[in-house]
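Both ligands and their constituent atoms are indexed starting at 1 by order of listing. Model, not experiment: these values are computed from the prediction.
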Amino acid sequence: MPQPASEKVTVCYLQELKKQKKKITVLTAYDYPTARILDECGLDILLVGDSLGMVVLGYENTLPVTMEEMIHHTKAVARARKRAMVIGDMPYLSFHLSPAEAVRNAARFLKEAGADGIKLEGASRQRLQIVEALVEAEIPVMGHVGLTPQSVRKIGGFKVQGTDEEQAEAVFRGALELEKAGAFAVVLESVPQELAKEITATLKIPTIGIGAGPDCDGQVLVVNDMLGLTSGYLPRFVKKYAELEQQISQAVGQYLMEVREGIYPEDQHCYHLKPEKVELAKKVKEKVLKEKREGKKQPRR
Ligand code: KIV
């Protein structure tokens, strides 16, 4: 390997993985404990996606997610990681109005939250200028084309992109232009495998696929989806590697039963007074009740 497992993942390391045809592993993360576990598993990139809005904060889509929410969760993830690269996702309207505002917001991920770079959706002409401005400001940028969930209102739903010639050309050109604008990697979301394969073979920078087939240089999934923590509809590209919702329900059900039946807590979960002090609790009770009867004021805590 080009770097020891203990060293931090860098842009150069990801490039090297692509050259050596070794897969790049990416999952989303939104909190400290999950990020710690994923990092210890040896994941390459922790993406604090704005999917946060849907899978953690309960919004209907990603549009309401704010910069403050993204910074808050990125800080928690960055505190947990030792090796993985941390990428913060630019939420809707944090980079649309001007390159200057985009740079100011993106820099917050690096300066305040401890991220190593940012991701942003789209590859329109204006978006590419923003990517150039971010790269000029020394901010590593991961692009994102294909299905871009912040465009859900424009697209009219979470639909596969690039199935006709016009769309496929837009996705292909978008990925190429993002590379030209200085992005270090590009996410391909919900595009046909055949298209993702051609894009991956053409780009020098790594492609990270989600619903884009096995030929991409890396894969990303929403961690809650692959762990079985998301209820309701899941896209066909999601593979569940665990059923944590079932395990959590089972554990909580057991806890409820044990508390109600007086099974929990057992002696091993309790603290005890030393044998010579067992009378202490009764003595304190008598003292407090006597004072109450006599109307004495309780010492303030
Ligand atoms: O927000 C997100 O989690 C993402 C990934 C699914 C790529 O954009």
Check for a donor-acceptor pair, side chain of [X] on one end and backbone N or O of [Y] on the other, with a separation under 3.5 Å.
X      : Y      : value
Lys239 : Met226 : no
Glu261 : Glu258 : no
Asp89  : Asp50  : yes
Ser94  : Pro91  : yes
Thr207 : Asp217 : yes
Ser190 : Leu147 : no

Min N/O separation [X] to ligand 1 under 3.5 Å:
X     : result
Asp89 : yes
Asp50 : yes
Tyr30 : no

### Query
Is Glu136 atom CD crowded by more than 12 heavy atoms from other residues, nucleotides or ligands, each under 6.0 Å away?
no
Quick one: nearest non-hydrogen protein atom to [atom], plus distance?
atom                   : result
atom 2 (C) of ligand 1 : Ser51 OG, 3.3 Å
atom 8 (O) of ligand 1 : Lys119 NZ, 3.1 Å
atom 5 (C) of ligand 1 : Leu47 CD2, 3.7 Å

Side chain or backbone of [X] under 4.0 Å from ligand 1, or both, or neither, by non-hydrogen atoms?
X      : value
Ile210 : side chain
Leu221 : neither
Thr28  : side chain

### Message
List ligand 1 atoms under 4.0 Å from His144, heavy atoms only on the residue side.
### Response
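With His144 as reference, the close atoms of ligand 1 come out as 8 (O).
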### Query
Numbering the atoms of ligand 1 from 1, which are under 4.0 Å from a heavy atom of Gly49?
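Answer, ordered by atom number: 1 (O), 2 (C), 3 (O).
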### Task
Say whether Glu121 and ligand 1 are in contact under the criterion: heavy-atom distance to a ligand atom below 4.0 Å.
no
### Task
Working to the nearest 0.5 Å, report the span between CG of Leu14 and NZ of Lys19.
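Answer for the CG-NZ pair, Leu14 versus Lys19, is 12.0 Å.
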